[in-house]
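Accompanying notes for the structure given below.
Note that these values count all heavy atoms, side chains included, but never hydrogens, waters or copies made by symmetry. As the structure lists them, so they are numbered: ligands from 1, and atoms in each ligand from 1. The shown structure was predicted, so the numbers you read here are calculated from the model rather than taken from an experiment.
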Amino acid sequence: MSSNVKVEVKSGLEGVVAADTLLSSVDGEAGELIIAGYPLDEFAGKATFEETLHLLWNGSFPTAGQLDHLHSSLASNRSLPDATKQLLNAAAKDQVSTMDALRMGIDTLSLEGSSSPSVGDDKSYALRLMARIPTIIAFYHRARTGQAPVEPDESLGEAANYLYMLAGERPDDEHVRALDTYLNTVIDHGLNASTFTARVIASTASDLVSALVGAVGALKGPLHGGAPGPALDMVFEIGSPERAEPYIREKLERGERLMGFGHRVYKVRDPRADVLADAATRLLERGAADASLYDLVRHVEQTALRLLEEYKPGRRLQTNVEFYTALVLHTIGLETEIFTPTFAMSRAAGWTAHYFEQQATGRIIRPQSIYSGKHDGKWVPIAER
Ligand code: ACO
């Protein structure tokens, strides 16, 4: 590119369209999220995670027979190879974060033969990886907290088995419903940073494990999937409604960001926050949630929105998915440390679907940069520098 051509850099690639997809549509002005043809609120509270996985991978919700087949394919592939367990046990000794352990754990699945440059559209291979992700998280969580691992239970669906492997006891039906709702809610979301990462890796005809490992690394950051833990910490630090305003004001005065608010695309309320707020209300109505925490979360949200408008007028900062993620996942008994890994367990369905879609295009993703350094450097021998 000639240096005298004026080219605008799209900071953060904002507004740049880099993929044509059938997987999801995010309308940031209307506050609408469509997953493979279905508005999120149409199915999130009703479908199981497996049904939504089938929708994303095949373009339709499964028939009863297809669902049975999907369930047994996942359930029979959940156990971890020994090499993965050894790696996770070693990581637990050093108390590595669960996201780092998940990233390394997925990488070990290459030992089972993903070294070919492309897995094409072999969904059985992707299913095997999907089946093992929840087991990696649960195995590692228990190892890190000094508990013996719980073997997966083939009779349970994905959400129920995940809760079972984490806690070691059969989960409450309401908790399973809330987790299915959560997993459905975050399964895919346009060209977010982790999905873009997965697509870039797929575009080079690299393998699926590499795409998942890269995507987990991108999701981990607090500006993307790492926000719900800090969002809940903020609510606990606030502790009582009257402390919300001084606490948030102080944070904004210091120029800090409030986790769980703001979004690159949504300029109105994130529709996923609504779905999860409804899931939290349902847990509360059925006596499966802490009413005082729920009231505090509502109060903190209202205070944060009011103060964000005062300190950042016109930026249209609204509640994003992470704020209510924290409430729902905490209520069903998950520890903060595994909020983001649980996000990854769901989003892996989206990453794999995007991987297949991107590979089908056969085109490498390769944007450009503008060089703004000097052009007249002269070699100086090392002794003279
Ligand atoms: N708290 C306070 N101020 C904020 C926040 C926030 N949460 N979000 C944005 N702002 C401010 C910025 O400081 C900036 O102010 P300025 O105009 O005075 O410089 C303005 O709003 C615009 O912010 P950008 O950084 O340009 O917005 P961008 O689209 O790049 O960032 C992001 C979006 C990363 C989500 C941001 O809103 C943020 O950091 N939020 C908090 C982290 C979070 O909740 N992440 C989860 C997102 S959802 C997900 O990924 C699943």
Side-chain angles (χ1 to χ4, degrees), residues 9-16 24 26-29 31 33 35 40 44 99 181-198 215-235 237-238 244-245 247-277 297 300-329 336 338-351 354:
V9 177
K10 292 274 188 183
S11 161
L13 295 186
E14 185 163 2
V16 174
S24 59
V26 183
D27 184 334
E29 287 297 333
L33 172 59
I35 303 291
L40 179 68
M99 278 304 272
T181 303
Y182 169 71
L183 297 172
N184 291 337
T185 300
V186 298
I187 196 164
D188 197 46
H189 202 241
L191 214 52
N192 59 86
S194 56
T195 300
F196 183 56
T197 304
V216 168
L219 183 72
K220 180 181 135 178
L223 299 190
H224 187 10
L232 188 67
D233 291 344
M234 176 176 79
V235 172
E237 275 169 34
I238 288 172
E245 176 148 355
Y247 178 98
I248 294 172
R249 213 175 259 293
E250 216 174 282
K251 242 181 163 17
L252 293 173
E253 291 281 351
R254 285 198 301 263
E256 289 178 26
R257 290 183 179 217
L258 304 180
M259 294 295 127
F261 296 89
H263 198 273
R264 171 61 62 80
V265 183
Y266 291 122
K267 298 306 166 202
V268 296
R269 192 176 157 88
D270 184 335
R272 301 171 298 175
D274 283 333
V275 168
L276 294 181
V297 163
V300 168
E301 180 189 17
Q302 291 317 318
T303 309
L305 291 174
R306 176 165 52 80
L307 295 182
L308 281 169
E309 187 47 38
E310 183 184 323
Y311 282 84
K312 298 281 174 185
R315 297 341 182 270
R316 302 172 71 192
L317 300 171
Q318 295 290 326
T319 315
N320 67 42
V321 64
E322 304 289 40
F323 195 67
Y324 280 96
T325 289
L327 179 62
V328 170
L329 296 188
T336 311
I338 52 172
F339 287 177
T340 308
T342 307
F343 187 170
M345 161 185 169
S346 166
R347 187 55 66 82
W351 294 331
H354 279 272

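Ligand 1 has no atom lying under 4.0 Å from any heavy atom of Ala193.
Across Lys267, Glu14, Arg315, heavy-atom proximity to atom 18 (O) of ligand 1 is greatest for Arg315. Compare Val186, Val321, Asn320, Asp270 by their heavy atoms: the one nearest to atom 47 (C) of ligand 1 is in Asn320. Relative to atom 15 (O) of ligand 1, the option among Glu322, Gln318, Lys312, His224 with the closest non-hydrogen atom is Lys312.
Atom 35 (C) of ligand 1 has as its closest protein heavy atom Gly262 O, 3.7 Å. Nearest protein neighbour of atom 48 (S) of ligand 1, counting heavy atoms only, is His263 CD2, 3.8 Å. Of the protein's non-hydrogen atoms, the one nearest atom 4 (C) of ligand 1 is Leu317 CD1, 3.5 Å. Among all non-hydrogen protein atoms, the one lying nearest atom 29 (O) of ligand 1 is Arg264 NE, 2.9 Å. Looking only at protein heavy atoms, the nearest one to atom 45 (N) of ligand 1 is Leu223 O, 3.3 Å. The shortest contact between atom 32 (C) of ligand 1 and any protein heavy atom is with Arg257 NH1, 4.2 Å. Closest protein heavy atom to atom 41 (C) of ligand 1: Phe261 O, 3.4 Å.
Within a 4.0 Å radius of atom 26 (O) of ligand 1, the protein contributes no non-hydrogen atoms. Within a 4.0 Å radius of atom 21 (O) of ligand 1, the protein has at least one heavy atom. Remark: atom 6 (C) of ligand 1 lies closer than 4.0 Å to at least one protein heavy atom.
How far CD of Gln318 is from CZ of Arg269: 8.0 Å, rounded to the nearest 0.5 Å. Remark: Lys220 NZ to Thr340 OG1 distance equals 10.5 Å, nearest 0.5 Å. A distance of 12.0 Å separates OG1 of Thr319 from CZ of Arg272, quoted to the nearest 0.5 Å. With rounding to the nearest 0.5 Å, the separation of OG1 in Thr336 from CZ in Phe339 is 4.5 Å.
One N or O on the side chain of Asp270 and one on the backbone of Val321 form a donor-acceptor pair closer than 3.5 Å.
Between Leu329 and the choices Phe343, Tyr324, Tyr182, the side chain to side chain contact (heavy atoms under 4.5 Å, CB included) rule is met once, by Tyr182.
Close approach to Phe343 involves these atoms of ligand 1, each under 4.0 Å from a residue heavy atom: 51 (C). Near Leu308, the atoms of ligand 1 lying under 4.0 angstrom from a non-hydrogen atom of the residue are 1 (N), 2 (C). Of all the atoms in ligand 1, the ones that sit under 4.0 Å from a non-hydrogen atom of Met259 are 42 (C), 44 (O). Interface of Ala227 with ligand 1, defined as ligand atoms under 4.0 Å from a residue heavy atom, comprises 43 (C), 44 (O), 45 (N), 46 (C).
With contacts defined as side-chain heavy-atom distances shorter than 4.5 Å, the pair Trp351/Leu219 qualifies. Annotation: side chain of His354 is not in contact with side chain of Phe196 (no heavy-atom distance under 4.5 Å).
Polar contact with ligand 1: present for Leu258 (N/O pair, distance under 3.5 Å). The shortest N/O to N/O separation between Gly260 and ligand 1 falls below 3.5 Å.
Under the 6.0 Å cut-off for aromatic ring centres, His224 and His189 do not qualify, their centroids lying 6.0 Å or more apart.
Relative ring orientation between Phe261 and Phe323 is described as tilted, the plane-to-plane angle lying within the 30° to 60° band.
No hydrogens or angles considered: a donor-acceptor pair under 3.5 Å links the side chains of Arg347 and Asn192. No side-chain donor-acceptor contact under 3.5 Å links Glu29 and Tyr266.
Contact check on Arg254 versus Glu250 returns a salt bridge, with a Lys/Arg side-chain nitrogen under 4.0 Å from an Asp/Glu carboxylate oxygen.
Neither the backbone nor the side chain of Asn192 has a heavy atom within less than 4.0 Å of ligand 1. No part of Ala231 comes within 4.0 Å of ligand 1, judged by heavy-atom distances.
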